[in-house]
**Student:** 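Take this structure first; my questions come after.
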Amino acid sequence: MNNHPSLTIKGTGASPGIAIGKAYLLERGQIPVPSYRLFGDEAVADECRRFEEAVAKAESDLEAIKESISSEFKEHARLLEVQQMILRDPSIYDESLRYIEKDRSNAQLAVIKSLRKARELFNGLNDEYAKSRIEDVNAAGDRVIRILAGQNHTNLEDIRERAILIAHDLTPADAIQFQVGRILGVVTEIGGITSHTSIVARSLNIPAVVAAENAARLISTGDILIVDGGTGKIIINPSERDLSFYYERQDELEAYIKQISRHAHLPAVTRDAHRVGAEANIELLEEVVAAKDNGAEAIGLYRTEFFFMNRMELPDEEAIYKDYRDLAELMAPCQVTIRTLDAGADKLTSWFPRLEETNPSLGLRSIRLCLHYKELFKTQLRAILRAGAIAGNIRLMLPMVSGMGEVFQTKNILKEVQSDLSRKRIPFDQNMPFGVMIEVPAAVAMADLLAHEVDFFSIGTNDLIQYTIGIDRSNEHVAYLYEPLHPGVLRFIKQAVDAGHQAGIPVSLCGEMAGEPMYVPILLGLKIDSFSMNPTSLPRVKNLIRRSSMKECCRFANNVLRMSTAQEINQSLRKMVMKKFPEEFRVFEPNWLGEEPVLANRGSAKTNRDTE
């Protein structure tokens, strides 16, 4: 047993589960980047050639990884294709050559400059999805720079024993080389829950924690670790008491997951025979496998930003169509709901006009942006309508609708697109269901009118909560006010559901609330028709739905709606879930139930290791 003092650090839980084992620190280190000026045309030509050869080698290396990956990772190969596309993207490739030819910079420095320029398009965004896409640009550039510096890119095949992988960051190429059974868990210093590392870890049920600041500095190869992918907690060199507690939790967790996973494909039907839809939120085709494996009955939300935020030029309609077509085919005959572009002008890349906006989150974004740039919107609508002809299982959904005008404008544009497709005799779905997201208070207030113009509602609680309460959940000073159980939020959800049902249309909920098992009693009681969530949350949520009584949940929700504070609602919900589902929350939420022991000899994340 290691004699170093125990130390606890915290990150963001990205893939649930408990991993206990030795650490393997992936040390790639900083790449030395020389800076010198080229003299003479011959030197410039040689440096351009050196850069081009490095890019070609990077492409061939990625191709070799694609060819060598095991069958369970074949569906993730597109992550490497994105890397290959970025290598040849004009904003990286052409810009680097320009810095060499015009500024006479050496190749490494030229790549650094072009990468810095590309990253400026993403930096400073208050959007986790956008930030996580920076990893594609960084990974592509890092591979080229290492080749130019004569360094080999360390592969995960070097790990010869079962270990928990620790790294500052992992590239998509790293992620698809995860070896099931050898990689016990993953910890990175940066990244988010939508990063490629997180997506792959979840699909393989490997516990993962991201955004664990200083993890690579505080953890050494050979350290014993406990990694809790649910809470984001990492214990370095745990005490015997730590190990005993978490081994017990690991056993309980694995047994419980195995038990409920066996029933994940059963329908979500309450004890009193009320059927609820159980759907998945995804943003990459690679996640379809995880969605199906976890019992998804449909794709309740397909985020389409990937194709618009990973390119430095206007996306091609054929490429977008192929993506949507593949999704429809993979899920057929199950339903797929495709959300149109939900981003602001500040989050798009160099092919898009840059706008000066004081507050982009309240500016030209989502449906507003699409209606402003109609040709961009038409390109996406054409791709969606065409893909709908494949299996007839696609629904079209608009984000951030605030009134009737946006619905009417979109319908007019749809008619134009449909007429154009008909004229060119291109097959498309002429009866595609059309719905809107309820994400802002204005949409709730107009829900009774909106419901008569659309085929379905989907409540996006992430934005609805922050716009209802008036807080920025990414702002550390007010994030504590982000409260899903705020009485105003729950009343808005009920109002939207009632309006939809009175008009005879279904209402789903696709925000993070849908994937939180603790909220099942309230959401069932509010009569949500379908829950759409992260695929890994499906088995737990479906399990609790099947163990619930719709009649009891409705009675509980009615009582909750009469409460005046979130604190009162939380306390009432706590009592109910402890009574109805004690084993679920004892296994998954020991802190919430107050069962985790006070562990001895525990340092803090800021503790140094001078005693080593």
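Please read all numbers here as calculations on a predicted model, not as lab measurements.
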**Student:** Identify which one of M533, H265, E279 satisfies the side-chain contact (heavy atoms from CB on, under 4.5 Å) criterion when paired with L538.
**Tutor:**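 It is M533; the other options fail the test.
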
**Student:** Does any part of the side chain of D326, heavy atoms only, come nearer than 4.5 Å to the side chain of V288, both counted from C-beta?
**Tutor:**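 They are not in contact (no side-chain heavy atoms under 4.5 Å apart), so the answer is no.
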
**Student:** Got a sec: does the CD of E52 have more than 12 other heavy atoms crowding it under 6.0 Å?
**Tutor:**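 Yes - once you tally the heavy atoms of other residues, nucleotides and ligands closer than 6.0 Å, there are more than 12.
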
**Student:** Do the charged groups of E59 and R88 touch, with an N to O distance under 4.0 Å?
**Tutor:**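 Salt bridge: yes.
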
**Student:** Decide yes or no on side chain to side chain contact (heavy atoms under 4.5 Å, CB included) for E189 and D169, but give the supporting numbers first.
**Tutor:** CA-CA 6 Å; E189 292 186 313; D169 192 19; over 6 Å; no

**Student:** Which heavy atom of A296 sits nearest a heavy atom of A280, and at what distance?
**Tutor:**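 Nearest pair, atom of A296 first, then A280: CB-CB, 3.9 Å.
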
**Student:** Going by heavy atoms in the side chains, are M518 and L573 under 4.5 Å from each other?
**Tutor:**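 Sidechains of L573 and M518: in contact.
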
**Student:** For the pair Q571 and R574, evaluate side chain to side chain contact (heavy atoms under 4.5 Å, CB included) and give the outcome as yes or no after the intermediate values.
**Tutor:** CA-CA 5 Å; Q571 289 174 346; R574 177 187 176 113; 5.6 Å; no

**Student:** Taking T304 for its side chain and R339 for its backbone only, find out whether a donor-acceptor pair lies under 3.5 Å.
**Tutor:**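 Yes.
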
**Student:** Would you tell me whether S239 and S6 have side-chain atoms, one donor and one acceptor, within less than 3.5 Å of each other?
**Tutor:**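 Side-chain D/A pair, S239 to S6: absent.
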
**Student:** Nearest heavy-atom pair of P535 and N294: which atoms, and what distance?
**Tutor:**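 Heavy-atom minimum between the residues: O-CB, 3.1 Å.
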
**Student:** Tell me, yes or no, whether the heavy-atom count around K292 atom NZ, taken from other residues, nucleotides or ligands under 6.0 Å, exceeds 12.
**Tutor:**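 Yes, NZ of K292 has more than 12 neighbouring heavy atoms, counting only those of other groups under 6.0 Å.
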
**Student:** Taking side chain as C-beta onward, heavy atoms only, is N237 less than 4.5 Å from L7?
**Tutor:**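 With C-beta onward as the side chain, the pair stays apart.
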
**Student:** Using side chain to side chain contact (heavy atoms under 4.5 Å, CB included), reason through Y246 and I235 one step at a time and then give a plain yes or no.
**Tutor:** CA-CA 10 Å; Y246 277 96; I235 305 176; 3.6 Å; yes

**Student:** Just wondering, do N281 and N534 contact through their side chains at under 4.5 Å, heavy atoms?
**Tutor:**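 With C-beta onward as the side chain, the pair stays apart.
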
**Student:** Can you find a heavy atom in the side chain of L285 that is under 4.5 Å from one in the side chain of D323?
**Tutor:**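 L285 vs D323: side chains touch.
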
**Student:** Is there side-chain contact between T536 and S15, with heavy atoms separated by less than 4.5 Å?
**Tutor:**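 Of all side-chain heavy-atom pairs linking S15 with T536, none is under 4.5 Å.
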
**Student:** Out of V111, N106, V55, which residue meets the side-chain contact (heavy atoms from CB on, under 4.5 Å) rule with L148?
**Tutor:**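 So the option named by the test is V111.
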
**Student:** Measure the spacing between NZ of K10 and NZ of K233 and express it to the nearest 0.5 Å.
**Tutor:**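 Here the interatomic distance stands at 7.5 Å.
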
**Student:** For K113, check side chain to side chain contact (heavy atoms under 4.5 Å, CB included) against everything at least two apart and list the hits.
**Tutor:**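 By the side chain to side chain contact (heavy atoms under 4.5 Å, CB included) rule, K113 matches Y99, D103, S105, L109, R116.
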
**Student:** Kindly give the heavy-atom pair with the smallest separation between A291 and I299, and that separation in Å.
**Tutor:**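 Looking at all heavy atoms of both residues, the closest pair is CB-CD1, 4.2 Å.
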
**Student:** Would you say L225 and I166 make side-chain contact, with heavy atoms under 4.5 Å?
**Tutor:**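 In short, these two side chains touch, coming nearer than 4.5 Å.
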
**Student:** Indicate yes or no: does D94 engage R98 in a salt bridge with an N to O separation below 4.0 Å.
**Tutor:**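 Salt bridge between D94 and R98, a charged N being under 4.0 Å from a carboxylate O: no.
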
**Student:** Please give me the minimum heavy-atom distance between T188 and I190, naming the atom from each residue.
**Tutor:**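 Heavy atoms only, the tightest pair is OG1-O, 2.7 Å.
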
**Student:** Working note: D46 + R50, criterion salt bridge (charged side-chain N to carboxylate O under 4.0 Å, His left out); need CA distance, chi angles, decisive distance, verdict.
**Tutor:** CA-CA 6 Å; D46 287 344; R50 196 166 77 91; over 6 Å; no

**Student:** Please report the interatomic distance OH(Y93) to CG(L87), rounded to the nearest 0.5 Å.
**Tutor:**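 Atom-to-atom, Y93:OH and L87:CG are 10.0 Å apart.
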
**Student:** Determine, stepwise, if the pair V209 / V186 fulfils side chain to side chain contact (heavy atoms under 4.5 Å, CB included).
**Tutor:** CA-CA 6 Å; V209 174; V186 177; over 6 Å; no

**Student:** Begin with the C-alpha distance, continue with both residues' side-chain angles, and end with the deciding distance and a verdict on salt bridge (charged side-chain N to carboxylate O under 4.0 Å, His left out) for K57 and D61.
**Tutor:** CA-CA 6 Å; K57 184 177 188 319; D61 288 348; 3.1 Å; yes

**Student:** Does any non-hydrogen side-chain atom of I465 lie less than 4.5 Å from one of E512?
**Tutor:**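 With C-beta onward as the side chain, the pair stays apart.
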
**Student:** Is a side-chain N or O of E283 found less than 3.5 angstrom from the main chain of R303, in a donor-acceptor match?
**Tutor:**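 Checked: no pair found.
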
**Student:** Counting only heavy atoms not in E254, do more than 12 fall under 6.0 Å of its CD?
**Tutor:**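 Yes, the 6.0 Å shell around CD holds more than 12 heavy atoms from other groups.
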
**Student:** Keeping the roles fixed (side chain from S244, backbone from E240), state whether a donor-acceptor pair exists under 3.5 Å.
**Tutor:**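 Answer holds: no.
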
